Amino acid sequence: DAGVIQSPRHEVTEMGQEVTLRCKPISGHNSLFWYRQTMMRGLELLIYFNNNVPIDDSGMPEDRFSAKMPNASFSTLKIQPSEPRDSAVYFCASRDSSGNTIYFGEGSWLTVV
Amino acid sequence: QKEVEQNSGPLSVPEGAIASLNCTYSDRGSQSFFWYRQYSGKSPELIMFIYSNGDKEDGRFTAQLNKASQYVSLLIRDSQPSDSATYLCAVNNDMRFGAGTRLTVKP
(Lines give C-alpha, C1' and ligand atoms only; values in the text may rest on other atoms or scores of the structure.)
Protein backbone atom coordinates (compact mmCIF):
# COMPACT_ATOMS: atom_id res chain seq x y z
CA ASP A 1 0.00 0.00 0.00
CA ALA A 2 1.38 3.38 -0.99
CA GLY A 3 2.04 5.81 1.80
CA VAL A 4 1.29 9.52 1.89
CA ILE A 5 2.58 11.03 -1.32
CA GLN A 6 3.79 14.61 -1.46
CA SER A 7 4.98 16.71 -4.35
CA PRO A 8 7.23 18.39 -5.14
CA ARG A 9 9.95 16.89 -2.95
CA HIS A 10 12.16 19.92 -3.36
CA GLU A 11 11.38 23.41 -4.60
CA VAL A 12 13.45 26.53 -4.87
CA THR A 13 11.53 29.66 -5.78
CA GLU A 14 11.98 33.39 -5.76
CA MET A 15 10.35 35.67 -3.25
CA GLY A 16 6.92 36.78 -4.40
CA GLN A 17 6.18 33.67 -6.42
CA GLU A 18 3.24 31.37 -5.74
CA VAL A 19 4.04 27.97 -4.30
CA THR A 20 1.65 25.02 -4.39
CA LEU A 21 2.38 21.88 -2.41
CA ARG A 22 0.37 18.74 -3.06
CA CYS A 23 -0.58 15.75 -0.99
CA LYS A 24 -2.29 12.44 -1.63
CA PRO A 25 -3.26 10.75 1.65
CA ILE A 26 -3.38 7.02 2.23
CA SER A 27 -6.51 5.54 0.70
CA GLY A 28 -9.27 5.16 3.26
CA HIS A 29 -7.82 7.66 5.72
CA ASN A 30 -10.29 10.35 6.72
CA SER A 31 -8.03 12.90 8.46
CA LEU A 32 -5.30 14.95 6.81
CA PHE A 33 -2.74 17.21 8.45
CA TRP A 34 -0.34 19.84 7.14
CA TYR A 35 2.74 20.62 9.21
CA ARG A 36 5.69 22.96 8.81
CA GLN A 37 9.07 22.13 10.36
CA THR A 38 11.97 24.49 10.98
CA MET A 39 14.92 24.35 13.33
CA MET A 40 13.65 27.36 15.23
CA ARG A 41 9.97 26.47 15.60
CA GLY A 42 9.95 22.69 15.42
CA LEU A 43 7.01 20.80 13.93
CA GLU A 44 4.04 23.14 13.74
CA LEU A 45 0.50 22.07 12.90
CA LEU A 46 -0.84 24.39 10.20
CA ILE A 47 -4.25 22.92 9.51
CA TYR A 48 -6.09 19.65 9.64
CA PHE A 49 -9.09 18.25 7.82
CA ASN A 50 -11.56 15.61 8.85
CA ASN A 51 -13.64 14.09 6.06
CA ASN A 52 -12.41 16.86 3.74
CA VAL A 53 -13.64 19.61 6.09
CA PRO A 54 -11.12 21.99 7.72
CA ILE A 55 -11.38 21.48 11.49
CA ASP A 56 -8.63 23.72 12.84
CA ASP A 57 -6.68 26.24 10.80
CA SER A 58 -5.43 28.28 13.75
CA GLY A 59 -1.87 27.34 12.89
CA MET A 60 -1.96 28.91 9.45
CA PRO A 61 0.52 31.77 9.86
CA GLU A 62 -1.19 34.44 7.79
CA ASP A 63 -3.43 35.13 4.85
CA ARG A 64 -0.69 34.24 2.41
CA PHE A 65 -1.28 30.61 3.30
CA SER A 66 -4.33 28.65 2.17
CA ALA A 67 -5.21 24.96 2.12
CA LYS A 68 -7.87 23.01 0.32
CA MET A 69 -9.09 19.45 0.25
CA PRO A 70 -11.49 19.11 -2.68
CA ASN A 71 -11.85 15.36 -2.23
CA ALA A 72 -10.70 12.51 -0.02
CA SER A 73 -7.63 11.77 -2.12
CA PHE A 74 -6.07 15.19 -2.65
CA SER A 75 -5.07 18.31 -0.76
CA THR A 76 -3.05 21.41 -1.55
CA LEU A 77 -1.21 23.98 0.51
CA LYS A 78 -0.65 27.25 -1.28
CA ILE A 79 1.61 30.16 -0.37
CA GLN A 80 1.05 33.38 -2.26
CA PRO A 81 3.19 35.45 -2.28
CA SER A 82 6.07 33.44 -0.87
CA GLU A 83 8.71 34.99 1.40
CA PRO A 84 12.18 33.79 2.50
CA ARG A 85 10.85 33.09 6.02
CA ASP A 86 8.55 30.47 4.51
CA SER A 87 11.58 28.28 3.82
CA ALA A 88 10.95 25.03 5.68
CA VAL A 89 10.02 21.40 5.29
CA TYR A 90 6.28 20.98 4.82
CA PHE A 91 4.85 17.63 5.84
CA CYS A 92 1.49 16.17 4.98
CA ALA A 93 0.14 13.35 7.15
CA SER A 94 -3.01 11.25 7.18
CA ARG A 95 -4.85 9.14 9.73
CA ASP A 96 -7.61 6.58 9.66
CA SER A 97 -10.74 6.66 11.78
CA SER A 98 -9.20 4.55 14.58
CA GLY A 99 -7.11 7.57 15.47
CA ASN A 100 -4.08 5.62 16.65
CA THR A 101 -1.48 6.57 14.13
CA ILE A 102 -0.78 9.32 11.69
CA TYR A 103 1.48 8.56 8.78
CA PHE A 104 3.73 11.21 7.35
CA GLY A 105 4.75 11.84 3.79
CA GLU A 106 8.41 12.38 3.00
CA GLY A 107 7.98 16.14 3.06
CA SER A 108 8.36 18.99 0.61
CA TRP A 109 11.58 20.95 1.11
CA LEU A 110 10.88 24.57 0.21
CA THR A 111 13.52 27.24 -0.21
CA VAL A 112 12.44 30.80 -0.99
CA VAL A 113 15.28 33.05 -2.12
CA GLN B 1 -3.55 27.41 22.86
CA LYS B 2 -2.92 23.88 24.01
CA GLU B 3 0.72 23.37 24.91
CA VAL B 4 2.99 20.35 24.62
CA GLU B 5 6.39 20.87 26.19
CA GLN B 6 9.56 18.88 25.80
CA ASN B 7 13.14 19.47 26.88
CA SER B 8 14.87 20.14 23.57
CA GLY B 9 18.11 18.63 24.85
CA PRO B 10 20.41 17.54 23.45
CA LEU B 11 20.41 14.43 25.59
CA SER B 12 23.48 12.25 25.41
CA VAL B 13 23.72 8.76 26.88
CA PRO B 14 26.31 5.98 26.53
CA GLU B 15 25.46 2.85 24.62
CA GLY B 16 23.61 0.35 26.79
CA ALA B 17 22.24 2.97 29.19
CA ILE B 18 18.60 3.95 29.75
CA ALA B 19 17.47 7.11 27.96
CA SER B 20 14.59 8.99 29.58
CA LEU B 21 12.54 11.47 27.57
CA ASN B 22 9.80 13.60 29.09
CA CYS B 23 6.79 15.52 27.84
CA THR B 24 4.26 17.68 29.67
CA TYR B 25 0.93 18.95 28.38
CA SER B 26 -1.45 21.68 29.40
CA ASP B 27 -4.86 20.29 28.41
CA ARG B 28 -6.08 18.23 31.35
CA GLY B 29 -8.73 16.68 29.14
CA SER B 30 -6.17 15.06 26.83
CA GLN B 31 -6.86 11.40 26.21
CA SER B 32 -4.29 10.07 23.76
CA PHE B 33 -0.54 10.42 23.66
CA PHE B 34 2.00 9.49 21.03
CA TRP B 35 5.76 9.21 20.73
CA TYR B 36 7.38 9.64 17.33
CA ARG B 37 11.00 9.28 16.26
CA GLN B 38 12.54 11.41 13.53
CA TYR B 39 15.92 10.71 12.00
CA SER B 40 17.77 13.63 10.47
CA GLY B 41 16.36 14.43 7.04
CA LYS B 42 13.48 11.99 7.40
CA SER B 43 9.83 12.19 8.36
CA PRO B 44 8.52 11.30 11.84
CA GLU B 45 7.50 7.71 12.47
CA LEU B 46 5.37 6.33 15.29
CA ILE B 47 7.05 4.47 18.13
CA MET B 48 4.19 4.08 20.60
CA PHE B 49 0.87 5.44 21.73
CA ILE B 50 -0.65 5.28 25.20
CA TYR B 51 -4.13 6.07 26.51
CA SER B 52 -4.22 4.78 30.10
CA ASN B 53 -2.32 5.77 33.21
CA GLY B 54 0.67 3.57 33.92
CA ASP B 55 3.26 1.88 31.76
CA LYS B 56 3.12 0.39 28.30
CA GLU B 57 6.05 -1.66 27.07
CA ASP B 58 7.08 -2.54 23.54
CA GLY B 59 10.48 -4.17 23.23
CA ARG B 60 13.13 -1.78 24.53
CA PHE B 61 10.63 1.08 24.71
CA THR B 62 8.35 1.91 27.65
CA ALA B 63 5.85 4.74 27.64
CA GLN B 64 4.68 6.05 31.01
CA LEU B 65 1.58 8.18 31.47
CA ASN B 66 0.56 10.15 34.54
CA LYS B 67 -2.61 12.12 33.84
CA ALA B 68 -2.78 13.64 37.32
CA SER B 69 0.63 15.24 36.82
CA GLN B 70 0.05 15.78 33.10
CA TYR B 71 3.19 14.17 31.84
CA VAL B 72 4.12 11.32 29.56
CA SER B 73 7.59 9.86 29.29
CA LEU B 74 9.48 7.46 27.07
CA LEU B 75 12.19 5.17 28.36
CA ILE B 76 14.62 3.48 26.00
CA ARG B 77 16.45 0.57 27.58
CA ASP B 78 19.79 -0.72 26.32
CA SER B 79 20.20 2.37 24.14
CA GLN B 80 21.90 1.82 20.79
CA PRO B 81 23.65 4.29 18.49
CA SER B 82 20.81 3.64 16.02
CA ASP B 83 18.44 5.23 18.55
CA SER B 84 20.12 8.59 17.96
CA ALA B 85 17.31 10.78 16.63
CA THR B 86 14.84 13.45 17.66
CA TYR B 87 11.91 12.17 19.70
CA LEU B 88 8.60 13.99 19.38
CA CYS B 89 5.66 13.86 21.75
CA ALA B 90 2.13 14.44 20.41
CA VAL B 91 -1.12 14.80 22.29
CA ASN B 92 -4.73 14.16 21.43
CA ASN B 93 -6.71 14.01 18.27
CA ASP B 94 -5.40 17.26 16.86
CA MET B 95 -1.86 15.85 16.92
CA ARG B 96 0.07 18.88 18.07
CA PHE B 97 3.72 18.08 18.69
CA GLY B 98 6.25 19.23 21.22
CA ALA B 99 9.52 20.72 20.03
CA GLY B 100 11.23 17.36 20.27
CA THR B 101 14.22 16.08 22.25
CA ARG B 102 17.40 15.31 20.36
CA LEU B 103 18.99 12.10 21.66
CA THR B 104 22.55 11.00 20.95
CA VAL B 105 23.70 7.54 21.99
CA LYS B 106 27.49 7.35 22.11
CA PRO B 107 29.24 4.03 21.36
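Quick note: numbers below take in every heavy atom, side chains included, and nothing from hydrogens, waters or symmetry partners. Numbers restart at 1 for each chain; the letters A, B, ... are given by sequence-line order, proteins then strands. Worth saying up front: this structure is predicted, and the values here are computed from it rather than measured.
There is no path of hydrophobic side-chain contacts, each under 4.5 Å, that joins A/Leu21 to A/Val89. Transitive grouping of hydrophobic side chains (ILVMFWY, heavy atoms separated by less than 4.5 Å) keeps B/Tyr87 and B/Leu46 in distinct clusters. Note on B/Leu21 and B/Val13: same hydrophobic cluster, where clusters join Ile, Leu, Val, Met, Phe, Trp and Tyr whose side-chain heavy atoms are under 4.5 Å apart, directly or indirectly. Transitive grouping of hydrophobic side chains (ILVMFWY, heavy atoms separated by less than 4.5 Å) keeps B/Phe49 and B/Leu74 in distinct clusters. In this structure, B/Met48 is a member of the same hydrophobic cluster as B/Ile50, with clusters built from ILVMFWY side-chain heavy atoms closer than 4.5 Å.
Shortest non-hydrogen contact noted between B/Ser43 and A/Gly105 is CB-O, 3.1 Å. Across all their heavy atoms, B/Gln38 and A/Phe91 have their closest contact at NE2-CZ, 3.8 Å.
In this structure, A/Asp56 and B/Arg96 have side chains that are in contact, with non-hydrogen atoms separated by less than 4.5 Å.
Only the side chain of B/Phe34 has a heavy atom closer than 4.5 Å to any heavy atom of chain A.
Among B/Ala99, B/Pro44, B/Gly100, the residue with the largest count of heavy-atom pairs under 4.5 Å with chain A is B/Pro44.
Proximity to chain B at a heavy-atom threshold of 4.5 Å picks out A/Phe33, A/Tyr35, A/Gln37 from residues 30-38 of chain A, in numerical order. Close approach to chain B, defined as a heavy atom under 4.5 Å from one of its heavy atoms, is seen in no residue of residues 66-76 of chain A. Using a 4.5 Å heavy-atom cut-off against chain B, the contacting residues of residues 39-55 of chain A are A/Leu43, A/Leu45, A/Tyr48. Of all residues spanning residues 4-15 of chain A, none has a heavy atom less than 4.5 Å away from chain B's heavy atoms.
Applying the 6.0 Å contact sphere to NZ of B/Lys56 captures more than 12 heavy atoms from other residues, nucleotides or ligands. The neighbour count for B/Gln64 CD, taken as heavy atoms of other residues, nucleotides or ligands under 6.0 Å away, is above 12. The environment of OH in A/Tyr103 is sparse: at most 12 heavy-atom neighbours from other residues, nucleotides or ligands sit within 6.0 Å. Other residues, nucleotides and ligands contribute over 12 non-hydrogen atoms within 6.0 Å of the CZ atom of A/Arg64.
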* Step by step, would you call B/Met95 with A/Arg95 a side-chain contact (heavy atoms from CB on, under 4.5 Å)? -> CA-CA 10 Å; B/Met95 295 303 290; A/Arg95 182 179 67 190; 3.5 Å; yes

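Within the model, atoms CD1 of A/Ile102 and CZ of B/Phe97 stand 4.5 Å from one another, a figure rounded to the nearest 0.5 Å.
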